Structures are given as C-alpha cells and as structure tokens.
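Read the structure below first, then the notes.
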Amino acid sequence: MASVSEGMSCYTIINPPEIEPYNEMQLKQDLEKGEVNVKIDTLKKVIQLMLQGERLPNLLMTIIRFVLPLQNHTLKKLLLIYWEIVPKTSADGKLLQEMILVCDAYRKDLQHPNEFLRGATLRFLCKLKEPELLEPLMPTIRTSLEHRHSYVRRNAVLAIFTIYKNFDWLVPDGPELIANFLDTQQDMSCKRNAFLMLLHADQERALNYLASCLDQVSNFGDILQLVIVELIYKVCHANPAERSRFIRCIYNLLNSSSNAVRYEAAGTLVTLSTAPTAIKAAVSCYIDLIVKESDNNVKLIVLDRLIALKENENIERIMQELVMDVLRVLSATDIEVRRKTLALAMDLVSSRNIEEMVLVLKKEVSKTHNIEHEDTGKYRQLLVRTLHSCCIKFPDVAAAVIPVLVEFLSDSNELAAGDVLVFVREAIQKFSHLQPLVIEKLLEAFPAIKSAKIHRTTLWILGEYANSLKDIMEVIGVVNRSLGEVPIVEAEQSRLAGNESGEEEQKPAEVVNNTNKVTSDGTYATQSAFSVAPVTKKVERPPLRQYMMDGDFFVAATLASTLTKLALKFIQLEPNEKKQNRLCTCAMLIMSSILHLGKSGLPTKAITNDDIDRIYLCLKTLSLRTPEVVEIFTLSCRNALAHMLSAQSEEKAQEKKDKLQKNAAKIQPDDPIAFTQLANGKNDQLGENVFELSLNQALAGTKSTALTDIASPNSKLNKVNQLTGFSDPVYAEAYVHVNQYDIVLDVLIVNQTSDTLQNCTLELATVGDLKLVEKPHPVVLAPHDFCNIKANVKVSSTENGIIFGNIVYDTTFSSNVVVLNTIQIDIMDYILPATCTDTEFRTMWVEFEWENKVSVNTTLTDLHDYLRLLLKSTNMKCLTPEKALSGQCGFMAANMYARSIFGEDALANLSIEKPLDRPDAPVTGHIRIRAKSQGMALSLGDKINHTQKCLQEKSVAA
C-alpha cells in the first residue's frame, strides 16, 4: 500500500445515497415485455448504470432480441449510445459473437428510408474502433455518398474520414473517392467535411481543388471558409514559398460575412506577411470586429490579440497610425474593454496624433456627465488617468487638458476627483509655465468642491504654488469665504442665540389642538401638539466650517499649514511691514479660532491632539519665524514632492527597461542545445504554428504561453503524484493537469500481477470546492498490462482542495481494493500577480472582512531573501517600491497583492525585523493576509506555512 505519513487524513469512499439499487431481472423483464415507453426508460437506466461502472453482460442478448427490431426513433438514438459504451470484446480480446447480429442491424439502419436514422448511424460509425464490425459495412457507407439528402452525405464523408484515419486499409482509395465527391457537390456542409478530410489525409488534392476555385472562395459558406483558412496557413507555414499564391485569397476573406472567418483570416494574414498593408488590413479587421461584435468576451479576446501584436516592434509602428480607430472601441459599455482599449491607445499614441486623441478623450469625459451607470465613476477615473499619462508623456497638450479635468473636482465621485488632483500636483510641479493657469482653475473650482479629502489636497496645492502677491491674496479670500465669519465660536453662538430669539418672537398665542388616537389595545389616547418633537432645520454653513462642525479637524490642520506658507511667502514678497503684520494677524486669528472651536464642545467630535499640535506649530512659526522652520515650510515640502515624482519616473523607466530586457533573447553562443525541442518550429521563418499553439493552450491551460513550455519534457514530470506503492498489485500515478476552471487527472494504472483484472475501476471523491464531472469507466487489464484513465474535476473557487479515492478490481477468486494516496490541489495554480494603486489597496484592506495572521518561522537571516521567498511561493506582487525596501535597517514592511482567475483579490502585509547586532539571528515578524472569502485567506496562510516548513526541513537535512 502507499505509505501515508503520520498526521495525514485518511478517506474512504462509501456508496453514494442517490444511486438506487437495481434489479437485473426486473430490467430484463421490462425490456422483454414492457411497452415502448417502459423500454425507453429501462434502456436509459441501463445506460446510466453502465456509465457508473456496472457491466450487465446478461442484458446484451435481451436488447438485441427485444429492443433492436423496434422502429421507434427515440429507441434508435438510445441504442446508438448503448452500442458505443457496451463492451464489444471478451476477456481474451476477441469480438463477441452477438456483435455479428448488431452489425447486421447497423447495415439495415444504413439502408433505412429515414434520412435522420441513416445520418445518425453514420455519425455513430465514426466512434467505432473495431475494424471487424466496420469491414462488412463499407459498401453501404460508400453508397451513402450518393444519397439525395445532404445530412446523410456529410455524415458519410465524416465516417469515411475517421475510418481512413484509423484503418486506412478498409478504404485505401479514400482521398480519391472524396476528391471526386467534392467536385460534384453543391451543399456547403458536405463540401466542408470533404475538404476537411483532404486537408488532413491528402493535402496535395486539397490544394489542387482550392487552386481551381480561388475566385469563388468569397462566395463559399463560413464553415468551408474556415477550413480553407486553416489549409492556407498550414501550407504556407510548411512552405513559405507558397505565400504569394494564396495571400490574395486571405485578403478577400477579411471581408467575409462571418466574424469567425474574418478573425481567423486576420490572424493568418499577420503571420504570413509582414508587409505594412497586410498588417494594417488585419488590425483594421480586428478593430471592426470589436466594434461590431456584441459579446464582451469576444471583444476582450480580440483586444488581447491586438495587445499581443503590439509587442512586435515592426507591427507597433504600423499600429500607431490606427490609434484613432482603436479609440472607436470606447463605444463599448464594459469597463474591462474600455480599460484595455485606453491602455493600448496610450502605448500606441505618438506626437503625430496625440492632439486628436485628447479631443476624443475630452468628448468621452463630457459624455460621462449625462450618463449614470454603475461603472460610470470607474470610467471617469480611467479617462482622468489616461489624460494624466498623455500630459506627462506629451507636455504640449497639458494646457488644453487641465481646464477639462479641473471640472471633475466638483464631482461626487471622490476617486475621479482624487486622480485629477494627483495629475494637477504633478503637472504644476513639472511644468512651471502652467502654474498660473492651474492656480486660476483651482480657485474657480474651490467653492464647488463637495469632499473634505479633495478640499484638503486642493488647499495644499494652493498653499504650495501660489507664489505671487495677487495669487496669495486670492487664495486667502477664497479661504475666508469658505470658512465664514471669524471668530467661529462667537459666530456659531450668536447664530444659535438668534435662532432661539427668532423662534420666541414668532410664537403667537398658541391654540392647542388635541386629537384622539386609537392605540393597539383598542383604548383612546390624546395627542397634543406639545407632545410632538420639533423638527430641527439643518443649518447651511460654508464648506470648511461644516467639516469642522462635523468633527473633521484634519482639514483644519491642512488649512493652518496652507495659511502659514502663504503668510511666510507674503512676508518675503511684500516690503510693507504693516501689510505683513495684517496678513499674519488674519492667519493667526483663523488658527486660534479653529483651536477654540475644537475645544468648545460645539462640533460633533472634539479636535484631536495631533491636529492641536500641528496648528500650535503653525502659530509658533508665524510668531517666531525661525529661519530653519521657515525653510521647511517654504522649500522642503516642494523638494520632497519633486523627489517623490522623480523616484516614480525612475521606477517606471526601470520597469520598461526590464520588460525590454526580458523580451530580448538571452541565449549565449556556448549554451547547450535542447535536442528534444528542435522539432517545435520555434525558429521557423513564420514563427510558431498558431493553430498548434492555440490547441496546446486549450489543452494545457493558461499558465504556459509558448509551445516550448508546453512541450517541455520536464514540465509534466514536476506534477506527477504517486498514488500507490511499488509493491502494490496495482501501481498508479497521476499527472495533475490544471486548466483555467478545471483539473484533468491523467492516471496511469499498471497491473503488476499475473492475473487478468476485471472491472478495474478508478473511484474518486473530492473535498473543498471541487466537483467530479463524471465517473471514470471500468477497464480490463491483462497480466502486466497498463492503461491511462482520465478524470475531470471542476473548480469553482480559489481554495485548497483534496482528491482521494481507491482502485477496485475483480480477479478470478475475489474483489480487491487499493487505497490511493491523496492529491493536494495547489492554490497557486489559480493565483496570478496583479497591481493596484495605494488608494485601492487601502480601500480593499478596510472592506475585506477575512484576515489570517501568519507568524514568520524561518531559518533565513536576510530580510530581502525572506521577501523574495514569500513572493515566489505565493505568486503575489510586491507593491512597495524597490527603493523603499533597499538598505539594511533591521526592519521591513511591504504590501503585496494578487488576484485569482475567478476575480478574487488577495492582500498581504509583511512586517518583519531582525536585530542588527546579531547577524546570524533568524528573521521574525508576521504576515497579515486579507481576502473577501475565508477560503482564500486560509489557503494562502497554509501555503506560506507549508513553504516555511519545507525550508526548515531542508536546512535540518543540510
């Protein structure tokens, strides 16, 4: 048996309760004597039982005698399924005698007057793997090619195709027969199937046919056009000299009425030709597909194709001329489509078309004001960020963009307004000639701002960059209007006193109206006007004062800092000492009034000690004017911003450089050659075969994107799990193949005994959000024989799962069970690194309710080594800049982020430390993981603990 380490769980499969026990005699009786409806239900039950692993050999002859002769169409369809799954050979591998009767029934169905039955039977013959059954039917299959109905003819072609592919000696003249058939056919489905066979069986004949009708290809049906595109691609890929012969045909197919044909033709054209006209035609076709197709999934697929094309430098230069066409895609309503479109346009835009692009984006901005949709706020944010990038990349357009974006400051969407201020802050710092324009527009928008956070940032920008006497006085005037009457406490108290006296004056001789009310228990009660609570009217105050009355004094601290900067700059610019003192006195009065208000008890929340200290510091600075502190207020803040922006620019430039280096070839002249990969066609003139590549990606999931990665012999060996021991009578091992939303288990089963194993069945069950799609079929294993069994498991969320089970088999004397080792499904197959802004990270951190705190337990002594280990083991991306992590200070804090393929977000915060005086001391600290779902948070924590445990075991072994 497979060795199971201590502490691991052991699972046993029991009979599921939903499977009802069956009575074979009752089934036999229903098939013999029941009505047609009863026979239909019974045959369905027999098929289900056989799919669940039951053999039911005694029912074969009963079905042949009592069900096969019936002419009911439903029974005929069910019988085709039954003949497909029923065992057709005995234990020694010879064909059962009863199948001769079944073969005769096939022949009769192939001559049936009903077209559906003939076509369905021909379709069924495609699935037969026994040449002894097919050989007597070949003359009848050939005659079906001449049937009057297209359904029969097209299925006859498919039958001949599969028979020729599997047993070519049964129909040696297959390609010639189908080529003659193709010349006489008018039906598109028949021509498509015939052409498909020639494509795979005799490419020369297919090419001759295509050459004879090249001018008519545009009039063919889409199903035939798709096969023609595939043939042209394969021929030109194998023999590039043929390109000139067929490329005109591909050009014509770009105008096909079928979107699928246009997509395939565009993809083929790009791989066959690098001419600018070909690239431009293909890209224009892709863009047209995105605009006209209604399905968002199709839009995203084609957009990804365009983004992949952009990676090629030659194609990118041609695509730059089509930026305005790319922006047509913004007419879509899906936010993900718009996000990818804006990112693609931003990468392609050049100085030649930046002005046109900005005009389009400004129109899109104006459209968002009138449309209220759940994604409108996110779209505005995207537009703001794109315009921001445009201005930084092309400073000449900044003057036209700033007035449009500043309008967003009065928007109720705080995210878009916040992004505008991030842009304005960078623009005013980098482009000094725009400072007067920015100040003017901010002053215009200041009274209409609705958010405390936006007001706070705007105050900081105005205080930092209002450099002239005129600007300083205008800013102070706007602040006074937004703050209201000063001193604030006295103004609020007089307002309250004025309201009370006004109410008393308005009170006339009151007439008390009493009304009778009936209470819930049926008694009467009297309600008087005196017993009704008065409704208090909300007092309208200027915005800055309202924030303080609501208890938000962080704005007040920013206001104090802004007034201090303005006053200090005014003193440097204004020689008149009297004016200097007047402005300083005004600023200090506002600050002292804010302090008084914070402690007066009038606001809903009292002022915090931090805000008090900040405002006291500003008051002290204005009164003492110490040179060192004055320099901090007037210069250091701006220098800090300049350093931060330059660091961000350097980081982006480094990322771009790293990306280019990553794409560059890193093969050295003396590197060893991997001979097993020479046949992959990577160095072909036309690159990788896109049809093979797409097929391999569909089979191998989304993790690998290159043919060499998928075909690498080492990739499979890394995911092989041994399920039983070498001394067990049945040896089993499984290759776990993780696709995007499902898992394929390819299980190798080896019979290590000298007995024939009957009904050898792989029984599986799952724990977690995994679901077994279907039960694997039982097999018969000869002595020392082996076979491969595949099982599909559906995955519905990012959570660690377990697959367990056993192998059941029968020998001559007994039934036996071999328990399998468990298969752990790794969460890392579903988690991909992702990026988000600091604001988005903080927002998600507050919103996510599941937290898992993992203690650091490692033998590593370097903080950076531990961070790299963590990122590698969890597939997360570090959001903290490299510069912030550089150096050795004995402490490290980093934020990490990842997203699953199911759209689930995972956040992590790493806080680790190490004493500097002990270089050999291990790293200590903790990792806090937050996620929306409990499974995600727990699974990531388990993965980190498992990685730490493995590292410790390795160090102990070393």
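For the single chain, residues carry numbers from 1 onward in sequence order. Heavy atoms only: backbone and side chains are in, while hydrogens, waters and symmetry mates are out. Predicted model only: the values in this text are computed from it and were never measured.
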**OP:** Dump the intermediate steps for side-chain hydrogen bond (donor to acceptor under 3.5 Å, both in side chains) on N857 and Q952, then the final yes or no.
**Re:** CA-CA 9 Å; N857 183 14; Q952 283 184 332; 2.9 Å; yes
**OP:** Show your reasoning for whether side-chain contact (heavy atoms from CB on, under 4.5 Å) applies to M99 and E132.
**Re:** CA-CA 10 Å; M99 296 312 293; E132 301 94 332; over 6 Å; no
Original post:
Stepwise, does the side-chain contact (heavy atoms from CB on, under 4.5 Å) test hold for L781 with I749?
Top reply: CA-CA 9 Å; L781 283 178; I749 298 177; 3.7 Å; yes
**OP:** Step by step, work out the side-chain hydrogen bond (donor to acceptor under 3.5 Å, both in side chains) result for N751 and D785.
**Re:** CA-CA 5 Å; N751 178 6; D785 194 8; over 6 Å; no
**OP:** Check step by step if side-chain contact (heavy atoms from CB on, under 4.5 Å) holds for L745 and V736.
**Re:** CA-CA 5 Å; L745 296 180; V736 183; 3.9 Å; yes
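Taking the six-membered ring where the residue is Trp, W83 and Y106 present perpendicular rings, their angle passing 60° and hence far from 30°. Using bins of under 30°, 30° to 60° and over 60° for the plane-to-plane angle, the ring pair H200/F161 lands in the parallel bin.
Using a 4.5 Å heavy-atom threshold, the side chains of L101 and D104 count as separate. Within the 4.5 Å cutoff, side-chain heavy atoms of I100 are placed close to those of Q97. Side-chain contact between L56 and E24 is present, with at least one heavy-atom pair separated by less than 4.5 Å. The side-chain heavy atoms of R65 and E32, taken from C-beta on, include no pair separated by under 4.5 Å. Using a 4.5 Å cut-off on side-chain heavy atoms (C-beta onward), V730 and T724 make no contact. With contacts defined as side-chain heavy-atom distances shorter than 4.5 Å, the pair N72/K76 does not qualify.
Separation of the F786 and Y731 ring centroids does not fall under the 6.0 Å cut-off.
Nearest heavy atoms, M936 versus S900: CE-CB, 4.1 Å. Nearest heavy-atom pair, I141 versus A159, reported as atom, atom and distance to 0.1 Å: CG2-CB, 4.4 Å. For the pair L145 and F181, the tightest heavy-atom approach, listed with the atom from each and the gap, is O-CE1, 3.3 Å. Shortest non-hydrogen contact noted between L772 and N792 is CD1-O, 3.6 Å.
Around the CD atom of E35, the shell of radius 6.0 Å holds no more than 12 heavy atoms that belong to other residues, nucleotides or ligands.
A salt bridge between R142 and D173 is present, with a side-chain N of the basic residue lying under 4.0 Å from a carboxylate O of the acidic one. E230 and K234 are joined by a salt bridge, as a carboxylate oxygen and a charged side-chain nitrogen come within less than 4.0 angstrom of each other.
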